[in-house]
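Here the structure comes first, spelled out in structure tokens, and everything after it is commentary.
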Amino acid sequence: MVIFWRLAIATLLSLPVADALSSRTSGIAALANRLFPDNGDAFIFKLTAKHDDWSRWNPPVNDNYTVKANKEGRILVEGTTLNALARGLRHYANDVLQIDQFWFADTYKQAPKDLPAPLESLTGASVVPWRYNLNTVTFSYTFAWYQWEDWEKLLDWAALRGVNLQLAWVGYEKIFLDSFKELGLQEEDILPFFSGPAFQSWNRFGNIQGSWGGEGDLPLKFIDKQFDLQKKIVARMVELGITPVLPAFPGFVPSAIKKVRPDAKLTVSPNWFAPAPDKYTRDLFLDPLDDTYTELQKLFISKQIKAFGNVTNIYTLDQFNELAPEKGDEDYLSGISRNTYACLTAANPAAVWLLQGWLFYSSRDFWTQPRIDAYLGGVTDNQGMLILDLYSEANPQWQRTSSYSGKRWIWCQLHNFGGNMALEGRVQTITSGPIDALSQSQSLVGFGLTPEAYEGNEIVYDILLDQAWSSSPISTQDYFRNWATKRYAFSSSIPAEVYQAWEILRTYVYSNTRTDIPQVPVATYQLRPALSGIVNRTGHFPHPTAVHYDPMVLQKAWQLMYRAALRQSALWNIPTFQLDFIDISRQMLSNAFDFKYNDLIKAYQCSISGSKELRSNPSSCDVGTAGRKLLDLLDVLDSTLLTNKHFTLGDWMDAARAWGSAVGNEDLFAFNARSQVTVWQVDATNLNDYAAKAWGDLVGSYYKGRWSIFVDTLQGAGQSGGLDQGALTQKLKTFEANWQAGGFNGTSPATRLDLKSMLQRLQKKQPDVFPEVS
């Protein structure tokens, strides 16, 4: 039996029990030092159980912790696992000091030099054993350019919130490369199969292959550096009590495998993003019944155990992500999963197969209940599989799949597709939904986060992770108030207007109940310009552009935030307040764009109609004036975003170029960075603007560039009698391709306006959007 890494660690290290326990908690002590600089010795950490010593035959149980003063006046944190200790540390920071660590902005309030002990014991207990984090594609949409300091902050953020199960995909290409080299392939046979650094997730899924744009293969130096980074990430996860979910061999192989295994049973996958050329997709899938599959699975698992230690039994493996199986025959499907799992357990007898349940939603017409039962039933041990119900908050699949045929599963919030940045959330659903499911499904064992990207709306991620520690649905009203207190914590009291603003946001913006707007929308200005079909769009794919609330309520929240800052000027200096104020301003401008767009379309239609309105009121049919107002709004939006590094294209590009420079191919990395947030791949029509971002310089150089073409074309069409849609589309495609190829290389701009100057500009340039505040 392969046991979990923590089992009998004191014996393995030949240490006295007290020293062994101290060694086990040293990572949490280091976390305390990072959270409270040079003050970690104020805490004593003590493990109270051996719940960390889990395996497939000894599943994890719920955690608990207590934080209290000891007899010497130090702060004693006791917990059943390392992760429980980390969660207890955050409970202390939140309740005693009103401090929290946030993701996108630095904490402003500093802890006192002498940390006070809690006046009474603080306790917590989880309601599920697993608190899960990340989606396979998050590693490209958000983490593509992360350096160690970024990962260090993310891992601390996750541990403090009680995350104890998290994907660890970084450096996978090294394992892949070395495993296939052992089969007899050469580097030049394998490297062309890998996709560029911003598109690796879909290569790992078997959706795409190769790089495009002529910038060359993925550099070997990058593969090695990413693998070195993965070693640090996994080690830190272990220190913090976060179980790494490592990648198994999914079955997708380079065509060169035929050189060394000419008889291997291979299936050609469908074209994933037609009408793109087949050379970028249609990956080869190696049948799990083939002996080579068994050989590769053992190589993948054993090489990771050798590199990282025996740190996990859970492996992520997705064979049919948005790809249909070769056959729908139930015997075939059960045979695929049975042999896949047999290969996993041959490499690690305690292996648990983690599967993203997205396929049962995205291909729901194919995945009928008998086929689901057959595929999942191929793993006869229900403890041997763990399913992520990836989109529970909007499109749960656990009910229609009979709780995934009895397999253990996790209730997940997807929320964000592609890193879109609109304000949106379903806080009532993500508090009541998982608790209701827990009472209805015996195989539910966790709550988790599975966004395609993290780009904002941080509160909706916090509240679900905190719900994992509450047996009843959290009061969202209380939660928002307490969250705002910690977010803007400083020495003086927080003005009432701040709480009023967040109550408006809770009641309207973060309480989406519409089924036809199931996710974070994109903005109309982020789409390729067209005469129709882009405003107030609903549905899942392509992304919605409609908002689920009256835009005027956001204006009221903005006024309250502004008024609070006028009353308490210290707010202007708080990074979280700066970020949130810009974020609300950004959303108001985004919403206002739709009105400008409608005015432009109305003016154009009027200008070509020869209508009575044109003769009686020519100004209402003035395409030029309407177009300038629309473009002026984009100028204001661009300069607003450039006041904060988090909202800049330059930050993304600088991070890409830093990696490119380090491994000797800046052009490939910059090209990937520009591609992902715009056209994705120039021939992948359905993915154009999929990963749209509200970033300064992206608005100014790309979105405004497209809309300028549109406005100019409408003006010309009004004079010539009609729009040539084909010619317009070609102009826009040419602009997009040119921009992708090198339209923006910039560096992070210096702040061009401080926050107060930005406000004056907003109110002067867009008075209909931003009213005066007394």
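The figures here come from the full heavy-atom set of this structure, side chains too, leaving out hydrogens, waters and symmetry mates.
- Interatomic distance, T713 OG1 to D724 CG, rounded to the nearest 0.5 Å: 9.5 Å.
- The closest side-chain donor-acceptor pair between N135 and T138, if any, does not fall under 3.5 angstrom.
- Considering only residues two or more places apart in sequence or on other chains, E455 meets the salt bridge (charged side-chain N to carboxylate O under 4.0 Å, His left out) condition with none of them.
- A salt bridge links K153 with D106: the distance from a Lys NZ or Arg NE/NH1/NH2 to an Asp or Glu carboxylate oxygen falls below 4.0 Å.
- Atom CG of N665 is separated from atom OG of S661 by 11.0 Å, given to the nearest 0.5 angstrom.
- Between the side chains of N672 and Q676, no donor-acceptor pair of N or O atoms lies under 3.5 Å.
- Ring-centre distance between Y391 and F417: below the 6.0 Å cut-off.
- Under the 4.5 Å side-chain criterion, counting only non-hydrogen atoms from C-beta, T316 is in contact with W169.
- Residues passing the ring pair (Phe, Tyr, Trp, His ring centres under 6.0 Å) test with W707, sequence neighbours excluded: F593, Y597, F710.
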When the side chains of residues 698-706 are checked against the rest of the protein, which donor-acceptor pairs come out under 3.5 Å, sequence neighbours left out?
unit_1 : atom_1 : unit_2 : atom_2 : d
S701   : OG     : D697   : O      : 2.5
S701   : OG     : W739   : NE1    : 3.1
Y702   : OH     : R706   : NH1    : 3.4
Y703   : OH     : K693   : N      : 3.4
K704   : NZ     : D635   : OD1    : 2.9
K704   : NZ     : D635   : OD2    : 3.2
R706   : NH1    : D689   : OD1    : 3.4
R706   : NH1    : D689   : OD2    : 3.3
R706   : NH1    : E736   : OE2    : 2.8
R706   : NH2    : Q526   : O      : 2.9
R706   : NH2    : L527   : O      : 3.4
R706   : NH2    : D689   : OD1    : 3.1
R706   : NH2    : D689   : OD2    : 3.3

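- When atom types are taken as modelled, the side chain of S269 and the backbone of R282 share no donor-acceptor pair closer than 3.5 angstrom.
- In the model, S195 has no side-chain atom that pairs as donor or acceptor with a side-chain atom of Q200 under 3.5 Å.
- Remark: the W558 side chain and the S585 side chain contain an N/O donor-acceptor pair separated by less than 3.5 Å.
- Enclosure of atom CZ in F595 is not indicated, since only 12 or fewer non-hydrogen atoms of other residues, nucleotides or ligands lie within 6.0 angstrom.
- Ring-centre distance between Y146 and W151: below the 6.0 Å cut-off.
- Considering all non-hydrogen atoms of both residues, L642 and T648 come closest at CD2-CG2, 3.9 Å.
- By the 4.5 Å heavy-atom criterion applied to side chains, F205 and D318 are counted as neighbours.
- Atom CG of L464 is separated from atom CD1 of I430 by 5.5 Å, given to the nearest 0.5 angstrom.
- Of the possible donor and acceptor atoms, none in the side chain of R528 sits under 3.5 Å from a partner among the backbone N and O of L732.
- Taking 4.5 Å as the limit, some side-chain heavy atom of Y461 sits within range of a side-chain heavy atom of H415.
- Contacts of R628 classified as salt bridge (charged side-chain N to carboxylate O under 4.0 Å, His left out), with partners at least two apart in sequence or in another chain: none.
- Proximity of a side-chain donor or acceptor of T545 to a complementary backbone N or O of A523 within less than 3.5 Å is not detected.
- In this structure, Q166 contributes its side chain and I242 its backbone to no donor-acceptor pair below 3.5 Å.
- Residues that satisfy the ring pair (Phe, Tyr, Trp, His ring centres under 6.0 Å) test with W103, not counting sequence neighbours, are W157, Y454.
- Scored by the side chain to side chain donor-acceptor pair (under 3.5 Å) test, D278 finds N271 as partners (sequence neighbours excluded).
- Listed by chain and number, the residues in a salt bridge (charged side-chain N to carboxylate O under 4.0 Å, His left out) with R586 are D583 (sequence neighbours excluded).
- With hydrogens and angles disregarded, a donor-acceptor distance shorter than 3.5 Å links the side chain of R364 to the backbone of Y361.
- Between L218 and P197 the shortest side-chain heavy-atom distance falls below 4.5 Å.
- In this structure the side chain of I223 reaches within 4.5 angstrom of the side chain of F194, judged on heavy atoms.
- Not counting sequence neighbours, the partners of E666 by the salt bridge (charged side-chain N to carboxylate O under 4.0 Å, His left out) test are R657.
- Of the possible donor and acceptor atoms, none in the side chain of S363 sits under 3.5 Å from a partner among the backbone N and O of F360.
- Between the side chains of Y141 and N416, no donor-acceptor pair is found at a separation under 3.5 Å.
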**Request:** Start with the C-alpha gap between D283 and N207, add the side-chain angles, then the distance that decides, and say whether side-chain contact (heavy atoms from CB on, under 4.5 Å) holds.
**Result:** CA-CA 7 Å; D283 295 24; N207 300 139; over 6 Å; no
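- Considering only residues two or more places apart in sequence or on other chains, Y508 meets the ring pair (Phe, Tyr, Trp, His ring centres under 6.0 Å) condition with none of them.
- Nearest heavy atom pair, residue P270 against residue A324, reads CG-N, 4.4 Å.
- Ring-centre distance between F227 and Y172: not below the 6.0 Å cut-off.
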**Residues L762, V636; criterion side-chain contact (heavy atoms from CB on, under 4.5 Å); working and verdict** = CA-CA 7 Å; L762 290 175; V636 173; 3.5 Å; yes
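- For F669, the ring pair (Phe, Tyr, Trp, His ring centres under 6.0 Å) partners two or more places apart in sequence, or in a different chain, are W145, F222.
- Between the N321 side chain and the L359 main chain, no donor and acceptor come within less than 3.5 Å of each other.
- In this structure the side chain of T136 reaches within 4.5 angstrom of the side chain of L167, judged on heavy atoms.
- The one candidate from I459, V460, V509, N512 that meets the side chain to side chain contact (heavy atoms under 4.5 Å, CB included) condition with V427 is V460.
- A salt bridge is defined here as a Lys NZ or Arg NE, NH1 or NH2 lying under 4.0 Å from an Asp or Glu carboxylate O, and E152 with K232 fails to meet this definition.
- Rounded to the nearest 0.5 angstrom, L134 CG and Q356 CD are separated by 10.0 Å.
- For P518 against N395, the heavy-atom pair with the smallest separation is CB-ND2, 4.4 Å.
- With N420 as reference, H543 is the one residue of E452, Q519, H543 to meet the side-chain hydrogen bond (donor to acceptor under 3.5 Å, both in side chains) rule.
- Annotation: side chain to side chain donor-acceptor pair (under 3.5 Å) contacts of D462 (sequence neighbours excluded): R161, W483.
- Between the CG atom of L390 and the OG1 atom of T450 there is a distance of 4.0 Å, given to the nearest 0.5 Å.
- R487 and D580 are joined by a salt bridge, as a carboxylate oxygen and a charged side-chain nitrogen come within less than 4.0 angstrom of each other.
- N738 places a side-chain N or O within 3.5 Å of a backbone atom of T734 that can act as its donor or acceptor partner.
- In this structure, CH2 on W659 lies 6.5 Å from NZ on K225, to the nearest 0.5 angstrom.
- Contacts of T429 classified as side-chain contact (heavy atoms from CB on, under 4.5 Å), with partners at least two apart in sequence or in another chain: E393, R426.
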